[in-house]
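Each ligand, and each atom within it, is numbered from 1 in the order the structure gives. When a residue number appears, it is its place in the shown sequence, counting from 1.
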Amino acid sequence: MRSKFGDLLVAEGRPDKNEARHVNAPIELGSTMVFNTLSAFEEARDARYESGTLYYGRYGNAASFQLEETITKLEGAAGVTLTSSGVSAISHTLSALVLPGSHLLVADNVYGNTRNFCEAVLKMRGVEIEYFNPMEIAQFEVLIRGETCAVMFETPATGTFEFPDVKQIAEIAKQKNIVTVLDSTWGSPILLNALSLGVDVVVYSASKHISGHSDCMMGVIASGKEDMHKRIRSCVFAYGDKIGGQEVFLALRGLRTIEMRMRHVDQSTREICEWLSKRDEVKKVLHPIFDDCQGHQNWKRDFDGAAGLFGVVFHPCSDENIEAFVNALHHFAIGVSWGGYESLVLPVKPMRSVEGSWSEDGQLVRFSIGFEKVETLINDLAFALPLLERNWS
Ligand SMILES: *Cc1c(COP(=O)(O)O)cnc(C)c1O
């Protein structure tokens with residue numbers, strides 16, 4: 001299994017190589033940091049928003065700066081800010097970029113909590129939210145107007161797995177002077193280098209691939225330009241967002257093995273998807289290896305592999321059938337989130353505002369592949385699939 005990032009993932013952000021040391025950076029806990037002189041304190045206070053400045057626990061510590069720097073290198077970013085969850089990475093970024101009275105374009109297939117933040121918070125602040133189908137570039141371009149300040153989108157949507165043309169959306173946005181924010185949780189930071197496609201800000205949930213063991217919550221905001229990075233970072237600090245020392249430790253440790261985990265899961269997932277695609281119960285497997293996956297060409301052009309999260313559209317059947325199927329699976333646990341070592345399953349009902357942006361007839365179920373043997377997972381599916389009786393009447 002080839003590794004592209006192995007050297008960096010092993011070496012970066014580790015304790016000082018010149019001293020006897022533990023392999024991993026220790027867990028750092030603390031609020032106050034103390035100084036020997038007032039001038040040293042003042043110097044730190046004035047530079048407290050900069051990654052690397054030790055001043056007070058809320059702004060970070062040596063270990064969290066190591067994590068930020070390592071991800072900065074992986075993304076080729078101007079700077080990275082960590083937040084307490086993927087959702088807070090999104091909400092802080094949008095808070096920093098979207099002004100009252102402005103117009104925000106949001107992809108119709110975004111993560112549910114992104115939509116929720118727009119509806120529950122940004123609308124209240126007088127921001128006009130407009131949804132667009134990210135697979136229809138012409139339609140997107142027409143919606144941009146003088147008050148439009150930013151576009152928020154995802155690749156892929158993590159329920160319905162469309163892969164938009166990120167490059168083209170970023171290009172159009174640049175021409176029209178609007179900021180692009182991309183949620184790249186599925187691919188980042190190993191499979192997709194979103195900043196190189198021209199987007200301004202990439203956000204993702206480190207609770208998924210980076211931590212990798214479903215035991216840590218964190219968000220990442222990576223900006224391509226210094227001014228954007230500073231603007232968002234001050235907003236995160238102004239809100240007082242803060243990550244714990246234990247989470248930093250777990251995320252740093254998870255990062256060491258992320259590439260191995262992702263490449264392994266990529267292979268198993270492809271085998272499982274191939275198998276599923278041949279089953280009678282299955283109408284369509286939503287995984288980018290298949291030509292009929294929306295944006296398959298964009299995935300081929302931009303990504304270096306696929307994550308273990310995909311969808312299956314089953315032929316129309318009742319919700320009770322789906323419930324029976326999901327309950328009958330032994331090795332796929334029912335739960336949100338993904339990117340951990342345990343396989344998961346979840347029925348999904350896509351939420352849409354733009355007509356035609358989701359038109360598959362059938363039942364959608366999302367799977368996240370973990371580290372169980374492929375054979376075990378296939379046997380599990382083979383046992384449960386007959387419970388999906390098609391409604392012929
Ligand atoms: C899980 C997820 C989030 C939210 O991340 P949390 O760490 O759970 O807050 C955001 N975007 C996408 C695409 C996700 O899958």
Side-chain angles (χ1 to χ4, degrees), residues 67 71 80-95 106-121 134 151-164 166 180-192 194 199 201-222 232 236 239 241-244 246-248 250-251 254-255 258 262 265 269 286 288 295 299 303 306-311 333-340 342-346 348-351 364-370:
L67 182 55
I71 300 175
V80 161
T81 300
L82 304 173
T83 66
S84 55
S85 70
V87 169
S88 71
I90 294 162
S91 61
H92 287 310
T93 301
L94 293 178
S95 294
V106 179
D108 203 24
N109 57 7
V110 285
Y111 175 64
N113 283 298
T114 302
R115 186 181 276 264
N116 180 52
F117 180 73
C118 292
E119 293 295 320
V121 180
V151 52
M152 172 79 219
F153 66 127
E154 246 167 65
T155 185
T158 53
T160 46
F161 302 92
E162 300 94 349
F163 292 75
V166 175
T180 37
V181 182
L182 179 75
D183 184 332
S184 180
T185 299
W186 192 84
S188 274
I190 299 300
L191 309 179
L192 180 73
V199 296
V201 185
V202 182
V203 293
Y204 49 85
S205 165
S207 322
K208 314 283 166 60
H209 295 131
I210 289 189
S211 84
H213 296 74
S214 310
D215 51 8
C216 163
M217 300 208 70
M218 193 181 288
V220 171
I221 308 169
I232 297 169
V236 171
Y239 274 105
D241 201 276
K242 153 86 180 69
I243 43 171
Q246 179 108 353
E247 280 73 21
V248 170
L250 289 169
L255 197 58
I258 183 174
M262 289 189 80
V265 156
T269 304
L286 307 176
W299 170 73
F303 285 80
L309 187 79
F310 66 96
I334 301 163
V336 293
S337 201
W338 43 277
E342 181 180 61
S343 291
L344 298 172
V345 62
L346 200 65
V348 177
K349 301 268 183 213
M351 194 189 288
L364 176 60
V365 176
R366 189 180 81 168
F367 295 88
S368 173
I369 301 302

Looking at [atom1] of [X] and [atom2] of [Y], how far apart are the two atoms once the value is rounded to the nearest 0.5 Å?
X: T180; Y: F153; atom1: OG1; atom2: CZ; value: 6.0 Å
X: I210; Y: Y204; atom1: CD1; atom2: OH; value: 4.5 Å
X: R115; Y: I90; atom1: CZ; atom2: CD1; value: 13.0 Å

* **Qualifying residue, where the test is side chain to side chain contact (heavy atoms under 4.5 Å, CB included) with L67 and the options are L82, V80, I243** =>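 Passing option: L82.
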Give me the residue, atom name and distance of the protein heavy atom closest to [atom].
atom: atom 13 (C) of ligand 1; answer: D183 OD2, 3.4 Å
atom: atom 15 (O) of ligand 1; answer: K208 NZ, 2.7 Å
atom: atom 8 (O) of ligand 1; answer: M217 CE, 3.4 Å
atom: atom 6 (P) of ligand 1; answer: G86 N, 3.3 Å
atom: atom 7 (O) of ligand 1; answer: S207 OG, 2.5 Å

* State whether the side chain of E154 and the backbone N or O of Y111 hold a donor-acceptor pair below 3.5 Å, judged by distance alone. => yes
* **ligand 1 atoms in contact with S85 (distance to a heavy atom under 4.0 Å)** => 7 (O), 9 (O)
* Closer than 4.0 angstrom: is that true for some heavy atom of W338 and an atom of ligand 1? ->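 Distance cut 4.0 Å: W338 passes for ligand 1.
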* Asked: Are any of the heavy atoms in I90 under 4.0 Å away from ligand 1?
  -> yes
* Can you find an N or O of V87 that's nearer than 3.5 Å to an N or O of ligand 1? -> yes
* Could you give me the CA-CA distance, side-chain angles and deciding distance for Y239 and D241, then say whether side chain to side chain donor-acceptor pair (under 3.5 Å) is met? => CA-CA 6 Å; Y239 274 105; D241 201 276; over 6 Å; no
* Structure fact -> Residues C118 and V106: closest non-hydrogen pair is SG-CG2, 3.9 Å
